[in-house]
2 protein chains.
Amino acid sequence: MVVVTRTSPPGVPEGYDPSQYPAFAVTVDVVILTMVDDELQLLLVQRGQAPFAGMWAIPGGFKLPTETLDQAAARELEEETGVRAASLLTQFGAYGDPERDPRMNVVTVAYVAVLRDVGAIAAGTDAAEARLHPVNDVVAGRVELAFDHLRIVRDAIDRVRTDLEVTGVATAFVGSTFTLAELRAVYEAVWGVHLDSANFRRSLATNEGWVIPTGRRAPSGAAGGKPPELFRAGRAWQHGGPIRRPSSTKRK
Amino acid sequence: MVVVTRTSPPGVPEGYDPSQYPAFAVTVDVVILTMVDDELQLLLVQRGQAPFAGMWAIPGGFKLPTETLDQAAARELEEETGVRAASLLTQFGAYGDPERDPRMNVVTVAYVAVLRDVGAIAAGTDAAEARLHPVNDVVAGRVELAFDHLRIVRDAIDRVRTDLEVTGVATAFVGSTFTLAELRAVYEAVWGVHLDSANFRRSLATNEGWVIPTGRRAPSGAAGGKPPELFRAGRAWQHGGPIRRPSSTKRK
DNA sequence: AGAAGTTCTTGTCACCACGACCATAACTGT
DNA sequence: ACAGTTATGGTCGTGGTGACAAGAACTTCT
């Protein structure tokens, strides 16, 4: 760690310690994804203050010196939207380009979480409104986002996409009990692909411990059909456990 | 983004803008991994100044307001160790626990890169020394690291391990031309597994574009044996291109 | 030189996961 | 009762993979 000796920009504190250092504001921003109507949705707040007043943004705010980044993310999310997701938040990137905030030097740490149910959404005091938007509208540019939040959202979706591919943790999207059709809809929504329902069932059934049948059945949907079986998540994908093992040999 | 209104900690600038905000120092830290003698090694610098003077640490330092995080990481790495790896640095985490630096509030953004050849290592002015250490010594606690750098190193290795698993980008470790045995040694070193050389060859050969035979052969090793074929990296794993596609169906 | 040892390379075989697709079961509304 | 819809189970062929055997090419030892 090297001490930077340069002429301080206006506002940098003096005599804070033996060292001079450039001062930054540190913020956290949170991307909340959820499934509504078989579509991937994104939680946004409408900014009430300049800059970018009136535009949509992902919830977030300043980190306090007394809290961790994880705590700051959970706190800001709840303050601005009323949504609680502390244990599900995953840090996935930091953004610190010099011009990303027109006011000052801001470095932000971004979090993402996928929720089966966001619960009640309540806009905070500084936000004009808070609600879900389809991610397709956002990434297609039909909803203009403040700051570099579009880039952050894109990165978040990329992260979720590959996470799903590797660990297979899709149960985070659905409820505590779910049908295979619901689970399949998650995969199809996240990376726009059609999966064969029969093969999907088989691939989960062969891998022991992914989903556990409850024995109960859900009522048929509006269009009828055989009542689907209800499952709950197995312990195979509790928290970052490796699923696919690399190919290996035994001897030598 | 919400404006935090609280009594400023000592040293927070006043009148910088309409808003008050907590001031942080932002640093970047870089984990450099390389293979030496079929062993995974880690680039460390010995701290010349308090705190943690004399202890080993991963290279890093303060971000400047005029540069991006990526630029800061590349600059600090070269300043402290003489190693250049700008295009290979990958951001993988941010650390901001309140007590992680005893002097002040510091949030650090961590980068990792895997190099086939670190080149000449030259300790910077503030570092007493800079050299490679076997990662096994570090994670086993035989080399004491400053700050929370042990945690950062552990996370970096985890990241590389899974990256290798998903994208298969192992050519970053080896030279521009390499034998399959060298490439296989990378996999075996990163996640401690024995791979069958015949199957390893086949899995690379069937996947078009991973490795390209040069037609030339390397000289035999010290123990003799048939001279191995020389390969160079294919374009399949240039920069984050997806390798494994999820299973899908065509119709409906 | 010949033998022995080492490494690289090609080949074979069995198995299993997977995509594609069909058939049947179970339920809805008309 | 009947058509429409969804869930579930089964079959078949293909391809990737682990295990292993055998040959090719080179070095070192005797």
Side-chain angles (χ1 to χ4, degrees), chain A residues 37-38 165-166 168 174 177-188 191-232 236 243-252, chain B residues 38 165-166 168 174 177-188 191 193-232 236 243-252:
Chain A
D37 305 332
D38 283 1
E165 197 168 333
V166 178
V174 295
T177 73
F178 49 87
T179 71
L180 293 188
E182 288 171 353
L183 198 61
R184 187 163 47 87
V186 173
Y187 281 91
E188 294 180 339
W191 55 52
V193 168
H194 278 288
L195 301 175
D196 183 274
S197 58
N199 293 334
F200 185 76
R201 157 177 295 271
R202 187 185 46 187
S203 74
L204 290 186
T206 55
N207 292 33
E208 195 84 19
W210 287 56
V211 292
I212 303 173
T214 63
R216 301 185 305 126
R217 302 183 95 82
S220 297
K226 179 175 178 175
E229 219 174 337
L230 275 175
F231 292 84
R232 58 188 175 85
I243 303 293
R244 287 199 335 128
R245 295 295 310 140
S247 61
S248 62
T249 71
K250 283 176 190 166
R251 305 184 331 99
K252 165 54 207 261
Chain B
D38 282 3
E165 196 167 334
V166 178
V174 294
T177 73
F178 49 87
T179 71
L180 293 187
E182 288 171 353
L183 197 61
R184 187 163 47 86
V186 173
Y187 282 91
E188 294 180 340
W191 55 53
V193 169
H194 279 288
L195 302 175
D196 183 273
S197 58
N199 294 333
F200 184 76
R201 157 178 296 269
R202 187 184 49 188
S203 74
L204 290 186
T206 55
N207 293 32
E208 194 84 18
W210 287 57
V211 293
I212 303 173
T214 63
R216 301 185 303 125
R217 291 184 168 283
S220 296
K226 180 176 179 174
E229 219 174 338
L230 275 176
F231 291 84
R232 57 188 176 84
I243 304 292
R244 287 198 335 127
R245 295 296 308 140
S247 60
S248 62
T249 71
K250 282 176 190 166
R251 305 183 331 98
K252 167 51 208 280

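Letters A, B, ... are given to chains in the order of the sequence lines, protein chains preceding strands, and every chain is numbered from 1. Only heavy atoms go into these numbers, but all of them, side chains included; no hydrogens, no water, no symmetry mates.
- Taking CG of A/L204 as the reference point, atom CD1 of A/I212 lies at 12.0 Å (rounded to 0.5 Å).
- For the atom pair B/L183 CG and B/L195 CG, the distance stands at 10.0 Å (nearest 0.5 Å).
- Distance check: A/T214 OG1 to A/E229 CD gives 7.0 Å after rounding to the nearest 0.5 Å.
- Taking atom CD of B/E182 as the reference point, atom C1' of C/dT7 lies 14 Å away to the nearest angstrom.
- One interatomic measurement links the two molecules: CG of B/L204 to P of C/dT10, which rounds to 13 Å at whole-angstrom precision.
- Atoms CD and CG, from A/E182 and A/L230 in turn, are 8.0 Å apart once rounded to the nearest 0.5 Å.
- In this structure, CZ on B/R201 lies 5.0 Å from CZ on B/F231, to the nearest 0.5 angstrom.
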Handout entry: Per-nucleotide protein contact string for nucleotides 5-14 of chain D, where B marks a base within reach and S marks sugar-phosphate only (heavy atoms under 4.0 Å, - for neither)
Key = BBSBBBB---
